[in-house]
Amino acid sequence: MDLIITEKDNAARRISDILSGGSYDSERRAGVNVYRWGGTRCIGLSGHVVGVDFPAEYDDWRDVEPVELIDAPVQKRPTQENIVRALRLLAREADRVVVATDYDREGELIGKEAYELVREANEDVPVDRVRFSSITEREVTEAFDDPDDIDFDLAAAGEARQIIDLVWGAALTRFLSLSARQLGDDFISVGRVQGPTLKLIVDREREIQAFDPEEYWELFADLLKADDADGEAADDDAFEAQFFYEDDDGTEAERVWAEATAEAVYDVLREASSATVSSVRRRSRTDQPPAPFNTTQFIRAASSLGYSAQRAMSMAEDLYTAGYITYPRTDNTVYPEDLEERELLEELAADSRFGDDAETLLELDDLTPTEGDEETTDHPPIHPTGELPSASDLDDDEREVYELVVRRFYATVAPDAQWEHLRVVSEVAADGAGPDDGPLTLKSNGKRLVEEGYHAVYPYLSTNESYVPDVSEGEVLSVVDTAFEAKQTQPPRRYGQSRLIETMEEMGIGTKATRHDVIQKLYDRGYIESDPPRPTKLAEGVVEASERFADRIVSDEMTAQLEADMQAIARGEKDLEEVADESREILVSVFEGLTESREEVGDMLQESLKADKRLGPCPECGEDLLVRKSRHGSYFVGCDGYPDCEYTLPLPSTGKPLLLEEECEEHGLHHVKMLAGRKTFVHGCPQCKADEADDEADVVIGDCPECGESAARSAADGDGEAVEAEGGELAIKRLRSGARLVGCTRYPDCDYSLPLPRRGEIEVTDETCEEHDLPHLVVHTGDEDDEGDDEPWELGCPICNYREYQARQAGSELETIDGIGEKTAEKLKGAGIDDRASLKEAEPDDLAGQVDGVGPDTVRDWQAKAD
DNA sequence: GCAAGGTC
C-alpha cells in the first residue's frame with residue numbers, strides 16, 4: 001500500500017482527487033479522515049502533530065529555577081493523539097510513503113516529524129518527499145512523477161528555531177513572572193516575536209508621550225478664472241491655492257513657522273484681488289493595479305473595510321475551507337504559471353453581483369496579471385477558486401470579504417489607470433510688503449482620472465479628483481477668498497493592527513500565519529488594549545526591564561541572527577546542536593545580569609502592574625483608588641490607604657477590568673472596561689455608576705414568587721411547600737455595580753432575583769404574563785450617539801425570559817468545546833447530551849454509535865476538553 | 001501555566 005501524508009486534511013482531499021481522477025472515497029481511522037483509491041491511502045495532518053517541551057519534572061515554576069531550563073532536555077511529544085495513532089496504523093501497512101507537506105521550511109519539519117512517526121511503526125518502508133507550490137493537476141502529477149528525499153538539514157533548521165524559542169521564551173517568562181510574583185493566569189510573558197512587536201508599540205507610545213507640538217500657519221486663497229468671474233460660472237468653480245516658499249535648504253515648504261511672518265504674508269494676500277499664473281505643468285501618471293494578495297496585503301485591505309486582522313483571517317479561513325478561495329496563509333505575490341485567468345473569469349462571470357465586471361475583463365485581449373516582489377514556493381497568492389457561493393452560503397461580512405478577494409483578482413488582470421496631474425503656480429504682487437522682496441507664490445495641484453482602468457473593478461482605493469481648471473501662463477485670476485489657518489504639528493499615530501503586521505513583515509518577525517495571532521496574544525496578556533492598540537503600563541515595564549537586562553528578547557536582531565543560523569543549518573554549514581548551544585550560552589550570560597537584579601526587576605514590574613490598576617484619587621483620603629480582587633475572586637475598587645481608609649466601590653461581576661485612558665471629569669477616575677470576550681463592555685466611571693444607582697428609585701412590578709402574597713396563596717392551593725407571606729415584592733433595581741435586576745424588596749432576607757440587561761431604558765407595559773402575574777418589559781436600546789432608536793427589545797415577562805435564556809445557555813454550552821459546532825451540538829442533543837456534565841458521563845462507544853460521523857476517539861477527545 | 005510555529 002502507498003501512503004501519502006499531507007499537512008492538512010483539505011490538501012489531502014484535493015490531492016486525492018487529482019491523483020485518483022476523482023475516484024477516491026474516504027474512511028475514518030482513529031477519528032481521522034483517510035482518502036483511498038486502488039492501493040493508495042492519503043492522510044492529512046493538522047500542521048505539527050508533535051510539539052517540543054521540557055520533561056514533566058520541570059513543570060513546577062516554583063520548584064525549578066528558571067535558569068535551569070537553559071540546559072534542560074527538550075522532548076518531542078505527540079500533541080494530536082488521534083492523528084498520530086492513525087498515522088502509525090497506516091504506516092504499519094505501508095510499502096511506500098510519500099511526504100507531501102507544504103513546500104516551505106516548516107512543511108519540511110512537519111514532514112520530518114511524520115517521517116519519524118512512520119519509522120517508529122515501520123523500520124524499513126521507503127519514504128519519499130514531493131514538493132509543489134500549488135495544488136493543481138499539473139504541479140501535483142509532475143511532483144509525484146519525480147519524487148525527491150526529505151531535506152533533513154532544512155528540517156533541522158526548523159528544529160533549531162523550536163528549541164531556541166522554547167528555551168528563551170520559557171526561561172525568561174518564568175523569570176519575569178516569578179520576580180514580580182505573578183503566577184497563575186497573570187504570568188508575564190516574553191518571546192522572540194512578541195518581544196519586538198511589543199517594543200514597537202511601546203516605542204511609538206514613547207514618541208507620542210515625548211512629543212512637543214509646534215505651532216505653524218498655512219495660508220490659502222481661492223482663485224477663479226477671470227472670464228468666470230464675469231457672470232456665468234458660479235463661485236464653486238473656484239479652486240484652492242496654497243501659499244508656499246523656498247526654505248533655507250532650497251526646498252519647497254508650505255508651513256510658516258513664525259506667526260509674524262505668517263501675518264505679514266496674509267496681510268498682502270488678503271488685500272490682493274488678483275494673481276497671475278506664472279507656470280503651468282501637466283503630467284500624466286500611470287497608476288498600476290495592485291499585486292496579488294498575500295496574507296499581509298489581504299489583512300490590510302480587509303482592515304480598510306473595518307475588519308480586525310483576527311476577524312479577517314478567521315473569515316478567510318472559512319471561505320477557504322468552504323472552497324471559495326485559495327489557502328489564505330501565503331507569502332507569495334506571484335500567481336502560478338498554470339493559473340488560467342480567462343477560465344477563472346468565465347466562472348466568476350456567473351455571479352449576479354460581480355459577474356458583469358468579469359464579462360468586461362473578458363473582452364480584453366491581454367490578461368497578464370500583475371506580480372509582486374515576493375515569489376515563494378509555499379502557496380499561490382490568495383485568489384478565488386471559481387467555485388461560487390450561493391446567496392445563503394455566506395453572511396454579509398463573509399460576502400464582503402469574498403468580494404474583496406474576487407475584485408483583487410480582477411484588479412490584477414485589469415488595465416492600468418491614468419491620471420492627469422496639473423500644477424499651477426500663480427503670483428500675487430507684494431510691492432515689497434511681503435516677507436521677501438519678490439511676489440507671494442501660490443500653488444494648486446489638480447488631478448483627474450482620465451482612464452479609470454482597474455479602479456472600475458476594484459473600488460476600494462480612492463479615486464478622488466481635485467479640480468484645477470485649464471489656465472495658461474500669464475493669465476490673470478481673481479482672488480475670491482483667502483484663509484489663514486493656525487495649526488499644530490501632530491504626534492505620530494499609533495500603529496493600527498494591519499500597519500503593525502506590515503511592519504512585522506518588514507522586520508522579518510513572525511510568519512504569515514502567526515503575526516495576527518501574536519497581536520491577539522498581546523491583548524490576552526494584558527499588554528495592549530483598544531484598537532488601535534495602546535500599551536498598558538505593564539507593557540512599558542516589561543519592555544523597559546527587557547531592554548535593560550535581556551535586550552535581545554525585544555530586538556528584531558534575535559530573529560535576524562536566528563534566520564542566518566537557520567540558513568547555515570539548511571546549507572549544511574552548521575549543525576543544530578552547535579547553533580542551539582551558542583544560543584544557550586548567550587542566554588546564560590543574560591541570566592547572570594538578571595539574577596543579580598532580580599529584586600529590581602520585580603519592583604519595576606510590580607510598580608507597572610499597580611499603575612495599570614490605579615483609577616485616580618480616593619474621595620475620602622486622597623490616596624490612590626486601585627482595582628483589587630476580593631477573596632472570592634471578584635473585582636472591586638479599593639483604596640491604597642487600606643486599612644486606614646476603607647473606601648470601596650463595586651465593579652460589574654462579569655469580566656476582567658481594564659482601565660481606559662479616558663478619565664471622568666467629575667471624579668478624576670479612569671473609565672473601566674470589562675473584558676469578557678464577546679460580552680466585553682465599557683462600564684465607565686465606577687463612582688458615577690454607584691451614584692446613578694443610588695439616585696435611581698426601585699420600580700415595583702409585582703409580588704415576589706418566593707415570599708410574597710401570591711407565593712403563600714399558591715402554596716396554600718397545594719402546589720408547593722408552605723410559605724409564610726412576608727409581603728416581599730419584586731422590583732426593577734439598579735445596583736451600585738451598574739448591574740440591573742428584578743429582585744425582592746426584602747433583600748437580603750430574600751435573595752430571589754432575575755437578571756436584566758445593563759443597558760437601555762426599561763419600559764413596564766400594561767400587558768401581563770398569565771403564568772407569573774408580572775408585566776411584560778420592553779427594553780429601549782439605541783445609543784445616545786446613534787441616530788434614532790434601535791428596534792426595541794420585547795423582553796416580556798422577566799421570569800419567562802430568564803427561563804428561555806437558561807435553555808439557550810444549555811444548548812450552546814457544548815459549543816464552547818473545541819471541535820463542537822452548532823450542527824454537532826444539535827446532533828448531540830438528539831442523543832440526549834445537552835451540557836458538559838452529560839457529555840462527560842457518556843460512554844464513548846455508545847455515543848459514537850448514536851451520532852453520525854463521530855467516532856469514540858472524538859468523543860474521548862471532547863470529554864478531555866470538557867474538563 | 002512558559003515560545004513560536006503549524007492547523008481548525
Side-chain angles (χ1 to χ4, degrees), chain A residues 6-12 32-33 44-54 56 58-64 66 68-70 72 74 76 79-80 82-83 101-102 104-114 155 157-178 182-198 313-318 320-322 327-330 378-379 504 509-518 520-522 524-525 553 558-559 562-563 566 583 587 817-821 824 858 861 865:
Chain A
T6 70
E7 189 154 323
K8 41 191 166 283
D9 177 60
N10 213 310
V32 180
N33 288 337
L45 308 176
S46 182
H48 291 286
V49 293
V50 294
V52 290
D53 208 347
F54 302 110
Y58 291 87
D59 280 355
D60 194 324
W61 291 32
R62 267 168 288 220
D63 276 0
V64 180
E68 290 176 47
L69 294 177
I70 301 175
V74 173
K76 278 204 179 188
T79 49
Q80 305 273 354
N82 288 351
I83 296 177
T101 48
D102 292 354
D104 55 17
R105 184 172 57 217
E106 217 58 28
E108 207 67 25
L109 175 53
I110 291 166
K112 188 222 167 188
E113 289 161 356
E159 287 183 300
R161 179 199 58 69
Q162 288 185 318
I163 294 168
I164 290 168
D165 281 340
L166 173 67
V167 172
W168 280 74
L172 288 172
T173 294
R174 286 197 196 179
F175 182 91
L176 294 183
S177 305
L178 285 161
Q182 284 290 301
L183 296 174
D185 289 344
D186 292 328
F187 62 87
I188 297 172
S189 70
V190 280
R192 176 177 56 83
V193 176
Q194 53 174 286
T197 307
L198 192 56
M313 282 311 287
S314 140
M315 284 191 285
E317 177 74 39
D318 290 344
Y320 155 70
T321 319
Y327 193 62
R329 294 183 272 270
T330 176
D378 56 353
H379 295 278
M504 291 170 75
I509 56 175
T511 71
K512 65 220 171 186
T514 59
R515 291 187 191 109
H516 64 277
D517 286 334
V518 170
Q520 186 56 46
K521 187 172 275 183
L522 298 181
D524 296 343
R525 296 279 194 267
I553 205 70
M558 180 162 174
T559 296
L562 179 62
E563 205 58 55
M566 283 195 287
S583 180
L587 187 55
I817 295 167
D818 220 21
I820 301 186
T824 314
T858 311
D861 208 39
K865 286 174 187 161

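The figures that follow rest on heavy atoms only: side chains count, while hydrogens, waters and symmetry mates do not. Chain naming here is simple, since letters A, B, ... match the order of the sequence lines and numbering starts at 1 in each. Keep in mind the model is a prediction, meaning the values are calculated, not measured.
- Considering only side-chain N and O atoms, A/Thr511 lies under 4.0 angstrom from the phosphate OP1 or OP2 of B/dG6.
- Atom CE in A/Met313 sits roughly 11 Å away from atom P in B/dG6 (whole-Å rounding).
- A distance-only check finds a donor-acceptor pair linking the side chain of A/Ser177 to the backbone of A/Thr173 [under 3.5 Å].
- The interatomic distance linking A/Leu522 (CG) with B/dA3 (P) rounds to 11 Å, in whole Å.
- Formation of a donor-acceptor pair under 3.5 Å by the A/Thr101 side chain with backbone atoms of A/Thr6 is not found in this model.
- Among the atoms of the strands shown, only primed sugar atoms or phosphate atoms (P, OP1, OP2) are found under 4.0 Å from some heavy atom of A/Thr173.
- A/Arg192 has a side-chain polar atom (N or O) that falls below the 4.0 Å cut-off from OP1 or OP2 of B/dG5.
- B/dA4 atom P lies 18 Å from atom CD of A/Glu113, rounded to whole Å.
- A donor N or O paired with an acceptor N or O is not found under 3.5 Å between the base of B/dC2 and the side-chain atoms of A/Ser189.
- Atom C1' of nucleotide B/dA3 and atom CD1 of A/Ile163 are separated by 13 Å, given to the nearest angstrom.
- Separating the CZ atom of A/Phe54 from the C1' atom of B/dG1 is a distance of 13 Å, rounded to the nearest angstrom.
- Contact between the side-chain N/O atoms of A/Tyr320 and the OP1/OP2 oxygens of B/dT7 is not found at any separation under 4.0 Å.
- With hydrogens and angles disregarded, a donor-acceptor distance shorter than 3.5 Å links the side chain of A/Arg515 to the backbone of A/Ile509.
- Within the 4.0 angstrom heavy-atom criterion, base atoms lie near A/Gln162.
- Distances shorter than 4.0 Å separate some side-chain N or O of A/Thr514 from OP1 or OP2 on B/dG5.
- Place A/Ile509 and A/Asp185 on DNA chain B by their nearest nucleotides, and A/Asp185 ends up nearer the 5' end.
- Counting non-hydrogen atoms under 4.0 angstrom, A/Arg525 reaches the backbone sugars and phosphates but no base.
- We find that A/Asp104 and A/Arg329 are not joined by a salt bridge, their nearest charged nitrogen and carboxylate oxygen being 4.0 Å or further apart.
- Between A/Arg174 and A/Glu68 no salt bridge is recorded (no basic side-chain N to carboxylate O distance below 4.0 Å).
- Taking a centre distance below 5.5 Å and an interplanar angle below 30 degrees as the stacking criterion, A/Trp61 stacks against the six-membered base ring of B/dG1.
- As judged by a 4.0 angstrom heavy-atom cut-off over every strand, A/Phe175 is placed among residues making no nucleic acid contact.
- Residue A/Leu183 is classed as a base contact, given a heavy-atom separation below 4.0 Å to a base.
- At most 12 heavy atoms of other shown residues, nucleotides or ligands fall within 6.0 angstrom of atom CG in A/Asp185.
- For A/Asp102 and B/dT7, the CG to C1' distance is 10 Å, given to the nearest whole Å.
- Nearer to the 5' terminus of DNA chain B, by closest-nucleotide assignment, is the contact made by A/Val190 (compared with the other of A/Asp517 and A/Val190).
- A/Gly184 comes within 4.0 angstrom of a nucleotide base, judged by non-hydrogen atoms across all strands.
- In this structure, CE of A/Met558 is placed 9 Å from P of B/dA4, rounded to the nearest angstrom.
- OP1 or OP2 of B/dA4 lies within a sub-4.0 Å distance of a side-chain N or O belonging to A/Gln194.
- Across all strands, A/Val52 comes closer than 4.0 Å to base atoms (heavy-atom distances).
- Between the side chain of A/Asp53 and the base of B/dC2, at least one donor-acceptor pair of N or O atoms lies under 3.5 Å.
- Residue A/Arg329 places none of its side-chain N or O atoms closer than 4.0 Å to OP1 or OP2 of B/dG6.
- Whole-Å rounding puts the A/Ile110 CD1 to B/dT7 P distance at 6 Å.
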